[in-house]
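Here's the structure, in structure tokens; my notes come after.
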Amino acid sequence: MKIRNRRFYTGGLLVIIVLMLFMITKFYEGFSETKLQESKAVEVSASYPIMDKDWAVNYHVKKQRIYFENIISRFSFQGGLTKTPGNKDGYIAVFVNNKWKMNANQSMFILKNMNPGKHTITLQLKKKDGSDYGIKKNIVVQVR
């Protein structure tokens, strides 16, 4: 009877060890797949389109001038300087009260000779060929 219990105990222990090795192997396989998925996510994220959250606009009204500063991640006004995948280039089309005013080829620019009163400034991000990125900022200012 003792030999039979010892065999049962040894067999049970062997089954537990095999199951543990199987579980550890599956854990590491899942871990490596997770790492692979994370690296794919990083590669794909480099080419995602520019979104509203990628563009910040600071402005200041002084007399009849409006000073603008645009901070746009992964965007170049120079075009072709960076060959990093996912980087975009182009310009900003500026509209005052829904009428085209200028194209800004720099991140900082000034709107001069603004009439006193309330104005709606619309900034549209454009590609070099004039097509739209689909992002725009509307800013309401009061010129005194």
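Since the structure is predicted, the reported quantities are computational estimates derived from the model, not experimental observations. Start at 1 with the first residue, then count along the sequence.
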Does the side chain of Asn58 come within less than 4.5 Å of Tyr67's, by heavy atoms? no

State plainly whether the residues Asp54 and Arg74 are in salt-bridge range, i.e. N to O under 4.0 Å. yes

Find the distance between NZ (Lys88) and OG (Ser73) and round it off to the nearest 0.5 Å. 11.5 Å

Hey, quick one: are Val96 and Tyr91 part of the same hydrophobic cluster, counting side-chain heavy atoms closer than 4.5 Å, chains of contacts allowed? no

With heavy-atom distances below 4.5 Å as the criterion, would you say the side chains of Phe95 and Leu123 are in contact? no

Sub-4.5 Å side-chain heavy-atom contact between Ile121 and Phe68: yes

Pi-cation contact, Tyr133 with Lys127 (under 6.0 Å, within 45°): yes

Donor-acceptor contacts, no H, no angles, side chain residues 134-144, under 3.5 Å, sequence neighbours left out:
from   : atom 1 : to     : atom 2 : distance (Å)
Lys137 : NZ     : Asp52  : OD1    : 3.0
Lys137 : NZ     : Trp55  : O      : 3.0
Asn138 : OD1    : Thr122 : OG1    : 2.8

Result block: side-chain N/O donor-acceptor pairs under 3.5 angstrom for residues 102-120, not counting sequence neighbours:
from   : atom 1 : to     : atom 2 : distance (Å)
Asn103 : OD1    : Trp100 : NE1    : 3.1
His119 : ND1    : Asn97  : ND2    : 3.1
His119 : NE2    : Asn115 : O      : 2.6

